[in-house]
Amino acid sequence: MSKKKLVFSGVQPTGNLHLGNYLGALKNFVSLQKEMDCIYCVVDLHAITVFQKPNDLRENVFETLASFIATGLNPDRSIIFNQSAVSGHAELAWILNCTSRIGWLNRMTQFKDKAGSDKEKASVGLYIYPNLMAADILLYKATHVPVGADQKQHLELSRDIAQKFNSDFNCKDFFPLPEPLISKNVARVMSLRDGKKKMSKSEESDYSRINLKDSADDIDKKIKKAKSDSEPIPDNLKNLEKKPEALNLINIYSEISKISLDKVLNEMSGKDYSFLKKNLTELLVKEITPVGKEIKKLLNDKSHLEQILKKGKEKANIIAEENLKNIREKVGLI
Ligand code: TRP
């Protein structure tokens, strides 16, 4: 059975995307777009599982879209849209709420982290969030899903849901079981202040991250202030791994320069971190500031962005409606 490959991924409209999003997701999306059919979705329905101020949400959807385009996603090539514009996501999510099991959701570690100590006060949406994610993927019968390691459990749940649906309704292979694409070479980008934490927009200090919209000056200051190590750069990975902040800087350098970690260590061992930082700053300024400028430019023309969303929504809707027709029939809905 050689079905056509189809990539689907979703990004939450958080606004203010950073180097972690860029190296961990966006650049990977751009390279996948060259090899396969891809659908990239700004998942606004996922965002509202925790309260969002309406104006901020709207702005963040535009900003996430602008970051997609500025990084090189091509709306003529890939389908790019916002989730709530295609109502099939919500409809299929309801059907899958009835396929998914409470026991399965109870095992989701992200809910436990996000809901915190007072689970009674979390929204019901936050609890069933993984079912909506399954709906996003299965609505298009996507076969490959690029996600960060933190989403692996959700993707496994999507596979379980697909499998149970196929078996409940006696339609083997109806939903393909989506495969995660967890890119091996993309190192996790960590906070510049704490090498054990992921770079995140929710960390309080802006010095912990490089934002895509940072100026050359911001980048320079942040890298100068970034934690590293007082000893010179070691000549092997084993010693480097003991210093997570230093490892993180070298990882970022290796990712952007496309020079392997071993080679970077070969070239830089014995030198001070200030040497690495100077080179890293140059690379980051060259790579990131044009993206930031493009994001700002795109955000100045909302009607152009709206046009992109409209086109994406129309293309997505055609696939979604066709699949939903068959799904409704399988379930017995008239
Ligand atoms: N849950 C994902 C995240 O927080 C976003 C997401 C929603 C997603 N739907 C998806 C990712 C479908 C991949 C496929 O990162």
Side-chain angles (χ1 to χ4, degrees), residues 5-18 20-29 32-33 36-50 52 57 60-61 64-65 67-68 73 78-86 88-93 96-97 100 104-105 108-115 122-123 125-162 175-183 186 188-189 198-202 312 316 319-320 323:
K5 288 180 182 171
L6 177 64
V7 169
F8 182 98
S9 197
V11 174
Q12 290 218 34
T14 52
N16 200 10
L17 275 76
H18 53 67
N21 307 117
Y22 178 77
L23 291 178
L26 299 181
K27 277 194 93 167
N28 193 21
F29 290 178
L32 283 170
Q33 155 188 267
M36 296 189 226
D37 290 338
C38 299
I39 305 178
Y40 295 119
C41 181
V42 182
V43 291
D44 46 7
L45 295 175
H46 277 92
I48 60 171
T49 55
V50 292
Q52 306 287 325
L57 177 62
N60 288 342
V61 169
T64 306
L65 173 67
S67 308
F68 279 8
L73 286 186
S78 301
I79 300 180
I80 301 172
F81 71 109
N82 63 310
Q83 188 183 27
S84 63
V86 175
H89 289 257
E91 182 177 343
L92 182 57
L96 299 183
N97 279 341
S100 183
W104 299 354
L105 288 181
M108 296 295 114
T109 54
Q110 193 171 73
F111 175 74
K112 291 177 195 160
D113 293 344
K114 283 201 180 172
S123 76
L126 189 66
Y127 182 63
I128 58 173
Y129 172 120
N131 295 344
L132 176 60
M133 178 163 160
D136 297 340
I137 300 164
L138 301 180
L139 184 58
Y140 302 95
K141 300 193 174 183
T143 57
H144 292 81
V145 183
V147 280
D150 61 328
Q151 294 297 314
K152 225 180 139 203
Q153 194 186 32
H154 288 163
L155 205 71
E156 273 154 21
L157 181 86
S158 301
R159 293 168 63 92
D160 290 342
I161 292 175
F175 284 131
L177 306 187
E179 306 261 356
L181 288 178
I182 296 173
S183 169
V186 175
R188 292 216 308 164
V189 180
K198 248 176 87 169
M199 185 175 283
S200 155
K201 86 153 219 158
S202 51
I319 309 175
N323 287 337

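Numbering of ligands and ligand atoms starts at 1, following listing order. What you are looking at is a predicted structure, and each value in this text was computed from that prediction instead of being measured.
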For the residue pair Phe175 and Ile137, establish whether any side-chain heavy-atom pair is separated by less than 4.5 Å. no

Do ligand 1 and Tyr129 have nitrogen or oxygen atoms that lie under 3.5 Å from each other? yes

Atoms of ligand 1 less than 4.0 Å from Val147 heavy atoms? 11 (C), 13 (C)

Is the shortest side-chain heavy-atom distance between Tyr129 and Met108 below 4.5 Å? no

Nearest non-hydrogen protein atom, atom 10 (C) of ligand 1: Met133 CG, 3.5 Å

Is His154 close to ligand 1, meaning an N/O of one under 3.5 Å from an N/O of the other? no

Heavy atom of the protein closest to atom 9 (N) of ligand 1 (residue, atom name, distance): Asp136 OD2, 2.7 Å

Is the shortest heavy-atom distance from the side chain of Val43 to the side chain of Leu132 under 4.5 Å? no

Tell me which protein heavy atom sits closest to atom 7 (C) of ligand 1, plus the residue, atom name and distance to 0.1 Å. His46 CE1, 3.4 Å

Between Tyr140 and Phe81, what is the ring plane arrangement, given parallel below 30°, perpendicular above 60°, and tilted in between? perpendicular

Show which atoms of ligand 1 fall inside a sub-4.0 Å distance from at least one heavy-atom site of Val43. 7 (C), 9 (N)

Lys201 and Gly15: which non-hydrogen atoms are nearest, and at how many Å? CD-O, 3.7 Å

Protein heavy atom at shortest distance from atom 5 (C) of ligand 1: Gly10 O, 3.5 Å

Atoms in ligand 1 flagged as close to Val145, the criterion being non-hydrogen separation under 4.0 Å: 13 (C), 14 (C)

Using a 4.5 Å cut-off on heavy atoms from C-beta on, say whether the side chain of Asn21 contacts that of Val11. no

Side chains of Cys38 and Phe29, heavy atoms from C-beta outward: is any pair under 4.5 Å? no

